[in-house]
Amino acid sequence: MLRSNYCGEVNLKQLGQEVNLSGWVNTWRDHGGVIFIDLRDRTGVVQLVFNPTTNKEVHAVAQSVRDEYVLNIKGIVEHRPEGTVNKNLSTGEIEIKVSSIEILNPSKALPFQIRDDINVAEEVRLQYRYLDLRRPKMFKNFNMRHKVSFLVRDYLDKQGFLEVETPILFKTTPEGARDYLVPSRVNPGEFYALPQSPQMLKQTLMISGFDKYFQIAKCFRDEDLRADRQPEFTQIDIEMSYISEEDIITLTEGLVSYVFKNALGRDIGAPFTRLTYEAAMDQYGTDKPDLRFALPLVNITEIAKNAEYKIFASIAAAGGIIKGLNAKKCGTFSRMEIDNLIEFVKTIGAKGMSWFKVENGKLESNLSKFFSEEIKTEMMKAFKAEEGDLILIIADKPAGANQALDHLRRHLGEKLSLIDKDKFVFEWVLEFPLFGWNEEEKRFDAMHHPFTSPKPEDMQYFDKEPGKMKARAYDLVLNGTELGGGSIRIHTRKIQEMMFKAIGITDEQAKDRFGFLLDAFEFGTPPHGGIAFGLDRLLMLMLKEGSLRDVIAFPKTQKAQCPLSGAPSFAEEKQLRDLHIKVVELPKKEDKNTEQV
RNA sequence: GGGGUCGUGGUGCAGCUGGUUCAGCACGUCUGCCUGUCACGCAGAAGGUCGCGGGUUCGAAUCCCGUCGACCCCGCCA
């Protein structure tokens with residue numbers, strides 16, 4: 001072992017003793033005579049001192065050293081001289097008088113400095129990820145990641161859960177996200193799929209009597225990336241038998257509280273707020289509202305549709321809604337600031353936005369002539385509008401208006417500093433619809449997934465009005481980010497078949513895709529349910545990072561590439577032949593898109 | 001598939017109403033000086049076909065078209 005201590009852990013306890021340290025040159029300061037080197041490892045830095053009068057040879061080596069050289073040194077731990085103590089360092093009271101030094105490996109000049117406060121393009125950071133990960137902040141992130149995984153295992157183990165691994169090479173399931181396919185060499189023309197989640201297998205484990213299962217599971221979805229979406233990500237996946245919604249909610253609250261308490265020292269105040277899907281959509285325009293701040297949405301369709309403003313009337317008549325929010329005290333906004341807000345909602349897909357300022361107790365704007373005094377008074381009441389407020393209104397189809405207002409609400413929350421960034425506000429969203437209407441396919445889709453149990457009291461609507469049915473599902477939301485969701489599952493063949501039928505899956509397709517699960521349901525399947533939540537997202541929020549990439553060691557860019565390794569890349573002809581795959585040019589465009597046959 | 005922002009020495013940025021204060025600033029690198037600094041300091045130096053291709057023009061980092069890439073968003077993500 002080339003060290004007796006970690007750099008950041010040398011302190012007054014070793015005073016007068018010889019220590020053996022290894023690490024990187026964080027910074028070096030040559031004063032012509034004395035040289036200081038801050039030696040760094042994952043625990044922190046310690047100051048090495050080289051004095052030419054006490055050891056000329058060692059001093060000469062120190063002179064040749066540069067940033068990120070890897071050193072091994074021996075030296076005596078000494079008190080720093082009066083007045084030179086550095087309170088910002090854990091090792092700031094001591095320094096090492098070096099008696100021997102070996103350069104284990106030099107380093108080229110760096111593409112960027114190994115510091116927390118760098119401002120470097122993400123592309124460059126990912127290309128040199130090994131350097132990026134040397135930064136203390138990154139180590140802190142991954143230390144936290146380790147800790148959280150450990151705490152999850154610890155908590156669930158204490159609750160009697162069994163961690164079971166499920167296969168990465170699995171079966172394609174056309175429902176849901178696009179699959180990553182893996183060709184089978186020994187079965188020409190056939191493909192595995194990487195799992196989008198271990199959903200069916202964890203249910204199978206319930207049928208097998210494992211009773212309480214969990215897994216910190218890798219999941220894969222071949223969809224376009226976002227700041228909070230990577231093609232491969234990690235889920236804390238949980239399933240239990242003989243339970244109701246309340247059991248999962250209680251377990252999850254206990255787990256999350258345990259993790260926050262032991263990883264961050266924070267009490268997060270379980271039980272969490274609960275709201276229904278309907279209330280969430282109504283008040284915030286989203287099924288994952290950020291409850292760190294208020295700024296609720298107000299539906300004024302019934303009031304505003306009667307105004308002489310044709311746009312409102314026609315949208316309301318076509319089944320749209322007129323909805324808005326009250327930006328308190330924003331009546332001082334300039335025309336340009338308001339125009340910027342309008343531009344902002346347009347990028348979200350809104351066609352426009354109306355606004356009113358409250359001036360002299362009245363609603364004033366370029367549109368006010370279209371609104372009678374009576375309507376304006378009612379609108380003010382609805383928005384609880386006071387002098388100096390700014391009312392912003394969007395009229396559109398419900399989904400479009402809600403989406404734009406949700407973004408606007410969050411945008412204003414940031415802009416007006418309404419959000420306490422130190423807070424962690426959790427909530428449960430309940431009473432989800434079982435189905436969502438798929439306009440493109442002109443049929444219903446499972447809103448959650450097709451294994452979600454309907455509420456028993458809604459069974460009567462299965463044939464006639466599936467859109468009315470509610471699911472036994474629950475989503476966990478933290479600070480406006482969906483952390484995870486789950487449900488009580490269907491556990492009988494009959495209801496599962498009804499479900500498939502409702503979303504347009506034929507008996508044949510069901511048998512081909514999910515046949516084993518349907519069969520298994522007939523061999524004594526216990527009622528069961530579970531939850532899955534994103535470990536990466538949880539960490540992103542705990543660490544207050546803006547991107548998943550800062551909590552994933554080797555993440556992908558928005559084009560799903562790895563700048564470090566260059567993946568994905570072309571395969572050798574022989575590999576393709578073994579896999580019975582031929583890459584051909586797509587006939588359509590003259591670009592280099594290819595397809596596999 | 002669509003929209004937005006961006007691309008200038010190793011890194012981050014300025015310049016972008018076209019023309020020797022237009023190739024500049026900061027950090028980094030290199031050389032020299034400096035015995036108590038800790039983002040040490042001081043002096044000097046090297047380093048860029050301004051993402052790539054085409055066009056307009058007497059002249060393009062600057063204007064136009066295309067293309068590639070990064071990031072953010074929409075679609076998509078049960």
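Numbers restart at 1 for each chain; the letters A, B, ... are given by sequence-line order, proteins then strands. Values below: all heavy atoms of this structure, side chains included; hydrogens, waters and symmetry mates excluded.
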*Determine the interatomic distance between P on B:U11 and the same-named atom on B:G51; round to the nearest Å.*
13 Å
*Identified pairing partner of B:U11, criterion: Watson-Crick or G-U wobble below 3.5 Å*: B:A26
*asked:* Is A:His31 stacked against the base of B:C40, taking the criterion as centroid distance under 5.5 angstrom and interplanar angle under 30°?
replied: yes
_Base paired to B:G53 (Watson-Crick or G-U; both N/O distances under 3.5 angstrom)_ = B:C65
*Starting at atom CD of A:Glu68, determine the distance to atom C1' of B:G28, rounded to an integer number of angstrom.*
13 Å
*Considering only atom P, compute the distance from B:U37 to B:C50 and round it to an integer number of Å.*
45 Å
*With a 4.0 Å cut-off on heavy atoms, is A:Phe112 in touch with a base, just the backbone sugar-phosphate, or nothing at all?*
nothing
*Which is true for A:Gln561 with a 4.0 Å heavy-atom rule: it touches a base, it touches only sugar-phosphate, or it touches nothing?*
sugar-phosphate
*Counting only Watson-Crick or G-U wobble pairs whose two distances fall under 3.5 Å, which nucleotide matches B:C77?*
none
*Write down the distance separating the P atoms in B:U49 and B:G66, rounded off to the nearest Å.*
27 Å
*Looking at B:G36, does its base get a donor-acceptor pair with the side chain of A:Glu95 below 3.5 Å?*
yes
*If the P atom of B:C34 is compared with that of B:G12, how far apart are they to the nearest Å?*
36 Å
*Ion pair check, A:Arg443 and A:Asp445, cut-off under 4.0 Å*: yes
*Base, sugar-phosphate, or nothing: which does A:Arg125 touch, judged by heavy atoms less than 4.0 Å apart?*
nothing
*Do the side chains of A:Phe220 and A:Ile168 get nearer than 4.5 Å, heavy atoms only?*
yes
*Which heavy-atom pair separates A:Cys7 from A:Gly44 by the least distance, and what is that distance?*
CB-O, 3.7 Å
*Any donor-acceptor pair under 3.5 Å from A:Arg80 side chain to A:Gly92 backbone*: yes
*Which nucleotide in the set B:G10, B:U35, B:C72 lies at the smallest distance from any side-chain heavy atom of A:Arg549?*
B:C72
*B:C6 P sits how many Å from A:Glu123 CD, rounded?*
17 Å
*Rounded to whole angstroms, how far apart are CD1 on A:Ile348 and C1' on B:C72?*
10 Å
*Counting any heavy atom closer than 4.0 Å, what does A:Gln558 reach on the DNA or RNA strands: base, sugar-phosphate only, or nothing?*
base
*Check every atom of B:G1, B:G36, B:C72 against the side chain of A:Thr84 and return the nucleotide holding the closest atom.*
B:G36
*Hey, would you say the A:Trp437 and A:Phe444 ring centroids sit under 6.0 Å apart?*
yes
*Taking any strand in view, what nucleotide pairs with B:U20 in a Watson-Crick or G-U wobble way, both distances under 3.5 Å?*
none
*Which nucleotide in the list B:C76, B:U35, B:C40 gets nearest to the side chain of A:Pro52?*
B:U35
*Value in whole Å for how far the C1' atom of B:C30 lies from CG of A:Asp30*: 14 Å
*Would you mind classifying the nucleic acid contact of A:Lys346 as base, sugar-phosphate or nothing, using non-hydrogen atoms under 4.0 angstrom?*
nothing
*Check every strand shown and say whether A:Asp38 touches a base, only sugar-phosphate, or nothing at a heavy-atom separation below 4.0 Å.*
sugar-phosphate
*Which is true for A:Pro450 with a 4.0 Å heavy-atom rule: it touches a base, it touches only sugar-phosphate, or it touches nothing?*
base
*Given the C1' atoms of B:C13 and B:U5, what is the spacing between them in whole Å?*
16 Å
_Please confirm whether the shortest side-chain N or O distance from A:Arg29 to OP1 or OP2 of B:C40 is below 4.0 Å._
yes
*Respond yes when some side-chain nitrogen or oxygen of A:Gln403 is under 4.0 Å from OP1 or OP2 of B:G75, and no when none is.*
yes
*Pairwise C1' distance, B:G47 and B:G28 [rounded to whole Å]*: 11 Å
*Among B:C30, B:C38, B:G36, which is the nearest nucleotide to the side chain of A:Trp28?*
B:C30
*When you compare B:U21 with B:A14, how far apart are their P atoms, in angstrom units rounded to a whole number?*
23 Å
*Between B:C74 atom P and A:Lys351 atom NZ, what is the distance in whole Å?*
16 Å
*Would you indicate what A:Ser197 reaches in the nucleic acid, counting non-hydrogen atoms under 4.0 angstrom: base, sugar-phosphate, or nothing?*
base
_Integer angstrom distance from the C1' of B:A23 to that of B:C30_ = 22 Å
_Whole angstrom value for the distance that separates P of B:C13 from CG of A:Asn119_ = 5 Å
_With a 4.0 Å cut-off on N to O distance, would you call A:Glu122 and A:Arg549 a salt bridge?_
yes
*Salt-bridge criterion met for A:Lys137 and A:Asp116 (N-O under 4.0 Å)*: no
*Check if the side chain of A:Arg229 and the base of B:C76 share a donor-acceptor pair of N or O atoms closer than 3.5 Å.*
yes
*When all nucleic acid strands are considered with a 4.0 Å heavy-atom cut-off, which category describes A:Thr557: base, sugar-phosphate, or nothing?*
sugar-phosphate
*asked:* Of the options B:C76, B:C38, B:C71, whose atoms approach the side-chain atoms of A:Glu223 most closely?
replied: B:C76
*Base paired to B:U35 (Watson-Crick or G-U; both N/O distances under 3.5 angstrom)*: none
*asked:* With a 3.5 Å cut-off and heavy atoms only, can you find an N or O donor on one side and an acceptor on the other between the side chain of A:Gln113 and the base of B:U11?
replied: no
_Do the side chains of A:Asp507 and A:Lys511 get close enough for a salt bridge, i.e. N-O under 4.0 angstrom?_
no
*Side chain of A:Asp67 only, please: which of B:G28, B:C73, B:U11 is the nearest?*
B:G28
*Using purine N1 to pyrimidine N3 plus N6-O4 or O6-N4 for Watson-Crick, or N1-O2 and O6-N3 for G-U wobble, both under 3.5 Å, which nucleotide pairs with B:G47?*
none
*Do A:Arg80 side-chain and B:C38 base share a donor-acceptor contact under 3.5 Å?*
yes
*asked:* Heavy atoms only, 4.0 Å cut-off, all strands: where does A:Asp222 land among base, sugar-phosphate and nothing?
replied: nothing
_By nearest atom, which of the nucleotides B:U35, B:C40, B:C72 is closest to the A:Thr53 side chain?_
B:U35
*Between A:Arg66 and B:C30, is there a side-chain N or O to OP1/OP2 distance below 4.0 Å?*
yes
*Inspect the contact between A:Arg135 and A:Asp550 and indicate whether a charged nitrogen and a carboxylate oxygen are less than 4.0 angstrom apart.*
no
*From B:C38, B:C73, B:U37, pick the nucleotide closest to the side chain of A:Ala227?*
B:C73
*asked:* Between the base of B:G75 and the side chain of A:Arg226, is one N or O donor paired with an acceptor at under 3.5 angstrom?
replied: yes
